[in-house]
Every structure is written in structure tokens, then in C-alpha cells.
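Comments concern the structure below.
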Amino acid sequence: MHNDLLPLTIPDSEPELYQRAIALAGYTMKELASLAGMPIPEDLKRDKGWVGMLLERYLGASAGSKPEQDFPHLGVELKTIPVNSKGNPLETTFVCVAPLTGNNGITWESSHLRKKLCRVLWVPVEGERSIPLAERRIGTALLWSPNEQEERQLRHDWEELMDLIVLGKVESITARHGEVLQIRPKAANSRVLTEAIGEQGQPIMTLPRGFYLKKEFTRALLARYFDL
DNA sequence: GGGTGATCATCG
DNA sequence: CGATGATCACCC
């Protein structure tokens with residue numbers, strides 16, 4: 001362990017960010033939390049974002065709640081991804097909130113989702129519940145941008161899902177829509193409501209939704225780099 | 001309420 | 001037993 005692992009500055013270039021991420025590979029949550037002076041919860045039941053926050057700290061991401069990328073000056077988004085012993089994702093990946101109103105004139109090119117996914121620093125983390133949180137290890141990070149096929153898939157699903165939203169069919173959307181991208185609830189609980197477009201074009205109140213990447217999509221992109 | 005970080009837990 | 005729908009904590 002070395003204190004160089006915990007910089008107090010934000011990275012000023014993409015290579016620097018990448019080097020910081022790579023340097024974390026192999027360390028356990030216990031080691032990193034200890035050096036950062038962060039208490040470790042027993043599990044993630046009530047601290048679901050804990051690993052993400054820990055990594056933000058080590059990589060110099062501007063913490064907090066911004067609809068922007070984690071590294072706006074670099075145009076890079078940070079995502080931690082829980083994986084099993086084979087390196088396959090254990091969970092889908094939240095990308096951003098699905099906009100349910102104000103979508104006139106919004107295109108794939110101008111979409112929030114495309115911006116978030118144009119450059120992502122993926123940090124795999126052991127996520128199996130059989131491993132105590134403190135003993136889980138960081139994997140080897142990778143910098144990714146969608147290739148032609150991935151962008152095509154994302155765009156296709158995004159356009160299909162956004163069409164349903166704009167046409168007032170948001171409440172008929174299930175997680176089964178979309179090949180690589182899905183829309184699921186994203187809220188504190190099922191009583192939370194937000195405005196959307198109803199079937200007759202009228203305003204309705206509905207559960208807030210988010211865009212999530214399906215596991216097969218992230219599995220494939222991780223493998224694409226692993227096999228290099 | 002609407003964002004950030006995500007995983008939980010029930011059900012088919 | 002994996003995926004869908006639900007939920008947890010914190011910020012402003």
C-alpha cells in the first residue's frame with residue numbers, strides 16, 4: 001500500500017485517470033477503505049453505492065449529484081461493475097434517468113444517454129455475496145467507447161424506448177423491451193411519482209424510470225478488452 | 001422531487 | 001436461479 005494511491009487532486013488527463021485506475025487492481029475493499037479512512041459496512045444492503053463512492057474518491061471524481069459525467073473536463077464517465085469469479089457482470093448497469101417529458105426535438109445524437117456512454121472507465125469489482133465486502137478485490141479497469149455495432153444497438157433501443165415515452169406509452173414499457181438497453185424503475189420507492197405523457201397526450205404522474213445496460217451487453221464489452 | 005451512487009429481493 | 005420491479009442512502 002502506498003499513499004500515491006489516494007491523490008487529493010482530480011486527474012488532468014485521460015491517461016493519468018487510467019493509470020490511477022489500473023493501480024488499484026488487486027486491492028481489497030478493506031485495504032482501500034482503511035487508507036481512505038472510510039468505515040466499511042457489513043454488506044451493501046443499506047449502502048448500495050458504497051463501492052462507487054470509494055472508487056470516486058480514489059480516482060479523483062468530483063463527488064456528488066450531477067447529471068454530468070464524473071470527469072466533465074475529460075469527457076469520461078466512471079462505472080463500477082460487480083462481477084463474478086469469471087469476470088461476468090452480476091448486475092445490470094444504471095446509466096441515467098429516462099426523460100419522460102420535454103423530449104421534443106431530442107435525438108440520439110443529442111441524448112444524455114449517448115453522452116454518458118461515449119467514454120466510460122469501467123472498474124470491475126468482485127461482487128459475489130459469498131465474499132465478505134471487506135475482502136472483495138478490485139479488478140483491472142478498462143477505458144471503453146462504443147464500437148460501431150454497440151452504438152447501433154444502443155441507438156436502436158434508445159429510439160424505440162423514447163418513441164414509447166413520447167407516444168404516451170411509458171406505463172406499458174417493461175424491462176423486456178430493448179435488446180441491450182432497458183428501462184426500469186429508478187426511485188426511492190414505488191410511491192414516488194414524476195410527470196409523464198399519458199395515452200391521450202395529457203400529463204400523468206408515474207414512477208420515475210432509468211436506463212440500464214443489460215448484463216449481456218456489459219459482459220461482451222468487458223470480454224472485448226479482456227481478450228486483447 | 002430529481003439527481004447521484006447502485007444492489008436488493010421477490011417472483012416466474 | 002436469473003431478471004424484473006423495488007428499494008437504500010445521501011445531496012440540494
Side-chain angles (χ1 to χ4, degrees), chain A residues 10 21 29 32-33 36 38-72 76-86 88-103 111-113 115-117 120-134 136 138-139 141 157 161 165 170-196 203-219:
Chain A
I10 62 174
M29 298 302 119
L32 296 184
M38 290 175 66
I40 311 186
E42 275 299 303
D43 53 52
L44 298 178
K45 283 190 177 73
R46 308 189 70 83
D47 298 87
K48 299 181 180 182
W50 186 84
V51 176
M53 301 307 209
L54 178 70
L55 269 293
E56 283 184 354
R57 195 142 165 183
Y58 272 87
L59 297 176
S62 32
S65 55
K66 298 177 312 305
E68 298 304 311
Q69 291 151 319
D70 296 290
F71 303 93
V76 175
E77 173 76 6
L78 169 67
K79 289 292 177 195
T80 61
I81 177 79
V83 296
N84 64 17
S85 56
K86 298 174 183 172
N88 290 332
L90 291 166
E91 298 283 352
T92 57
T93 302
F94 172 73
V95 181
C96 60
V97 166
L100 303 184
T101 60
N103 288 313
S111 69
H112 196 15
L113 185 131
K115 181 69 177 173
K116 280 254 183 180
L117 294 181
V120 179
L121 178 66
W122 294 96
V123 183
V125 179
E126 286 180 333
E128 287 173 317
R129 294 193 209 180
S130 58
I131 309 174
L133 177 59
R136 296 182 194 173
I138 306 287
D157 285 351
L161 291 164
I165 289 173
V170 60
E171 298 198 307
S172 72
I173 297 175
T174 75
R176 282 154 289 244
H177 285 89
E179 296 293 325
V180 301
L181 195 64
Q182 61 186 178
I183 281 184
R184 307 215 309 275
K186 169 64 173 172
N189 57 63
S190 58
R191 276 84 63 190
V192 175
L193 297 176
T194 194
E195 189 175 307
I204 62 169
M205 297 303 284
T206 192
L207 196 56
R209 318 296 166 100
F211 284 114
Y212 296 79
L213 297 175
K214 292 190 173 187
K215 283 195 280 187
E216 174 54 28
F217 184 81
T218 46
R219 188 204 61 73

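Naming convention: chains lettered A, B, ... in sequence-line order (proteins, then strands); numbering from 1 in each chain.
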Base C:dA3 paired with A:Tyr212 side chain (donor-acceptor, <3.5 Å): no
Rounded distance (nearest 0.5 Å) linking atom CG of A:Asn84 with atom CD of A:Glu126: 10.0 Å
Strictly under 3.5 Å: I want the nitrogen or oxygen pairs between protein and nucleotides 8-11 of chain B, one per line.
residue, atom, partner, partner atom, Å
B:dC8, OP2, A:Arg129, NE, 3.0
B:dC8, OP2, A:Arg129, NH2, 3.0
B:dC8, O4', A:Lys48, NZ, 3.1
B:dC8, N4, A:Glu91, OE1, 3.2

Bend angle of the helix from B:dG1-C:dC12 to B:dG12-C:dC1, from helix axes over five pairs at each end, nearest 10°: 30°
A:Asp70 side chain to A:Ala61 backbone, donor-acceptor under 3.5 Å: no
Euclidean distance, A:Asp47 CG relative to A:Ile40 CD1, rounded to 0.5 Å: 11.5 Å
Protein-nucleotide distance (A:Leu207, atom CG; B:dG2, atom P), rounded to Å: 11 Å
Short side-chain N/O contact from A:Lys215 to OP1 or OP2 of C:dA3, under 4.0 Å: yes
d(CG, A:Leu113; C1', B:dT4) in whole Å: 16 Å
Rounded distance (Å) that lies between atom C1' of B:dA6 and atom CG of A:Asp70: 13 Å
Between C:dT4 (C1') and A:Leu90 (CG): distance, integer Å: 16 Å
A:Lys116 atom NZ, over 12 foreign heavy atoms within 6.0 Å: yes
Distance, nearest 0.5 Å, that separates NZ of A:Lys215 from CG of A:Asn88: 9.0 Å
Smallest separation among heavy atoms of A:Arg184 and A:Thr92, with atom names: NH1-OG1, 3.0 Å
Where A:Ala98 and A:Ile165 come nearest, the two heavy atoms and their spacing: CB-CD1, 4.4 Å
5′-ward residue of the pair A:Pro82/A:Glu68 relative to DNA chain B: A:Glu68
Flag if over 12 foreign heavy atoms under 6.0 Å of CD, A:Glu179: no
Sugar-phosphate only, base, or nothing, as touched by A:Gly52 at under 4.0 Å among non-hydrogen atoms: sugar-phosphate
A:Lys116, nearest nucleotide to its side chain (from C:dA3, B:dG5, C:dG5): B:dG5
Shortest non-hydrogen contact between A:Pro124 and A:Trp122, atoms and distance: CD-O, 3.6 Å
Non-hydrogen atoms of A:Val123 and A:Ala141 that approach each other most closely: CG2-CB, 4.0 Å
Separation of atom CE in A:Met38 from atom P in C:dA9, rounded to whole Å: 16 Å
Near-strand residues of residues 187-194 of chain A, defined as heavy-atom separation under 4.0 angstrom from DNA chain C: A:Ala187, A:Ala188, A:Asn189, A:Ser190, A:Arg191
Whole-Å distance separating the CZ atom of A:Phe94 from the C1' atom of C:dT4: 16 Å
A:Pro185 side-chain proximity, nearest of C:dG5, B:dT4, B:dT7: C:dG5
Protein-nucleotide distance (A:Asp47, atom CG; B:dT4, atom C1'), rounded to Å: 15 Å
Sugar-phosphate, base or nothing in reach of A:Glu77, heavy atoms under 4.0 Å: sugar-phosphate
B:dA6 phosphate, OP1 or OP2, under 4.0 Å from A:Thr80 side-chain N/O: yes
Minimum-distance pair of heavy atoms, taken over all atoms of A:Lys214 and A:Gln182: CE-NE2, 3.6 Å
A:Lys186 (side chain) and B:dG5 (base): donor-acceptor pair under 3.5 Å: yes
Nearest-Å distance for atom pair CZ/C1', residues A:Arg219 and C:dA3: 17 Å
Nearest heavy-atom neighbours spanning A:Thr101 and A:Glu195: CG2-O, 3.5 Å
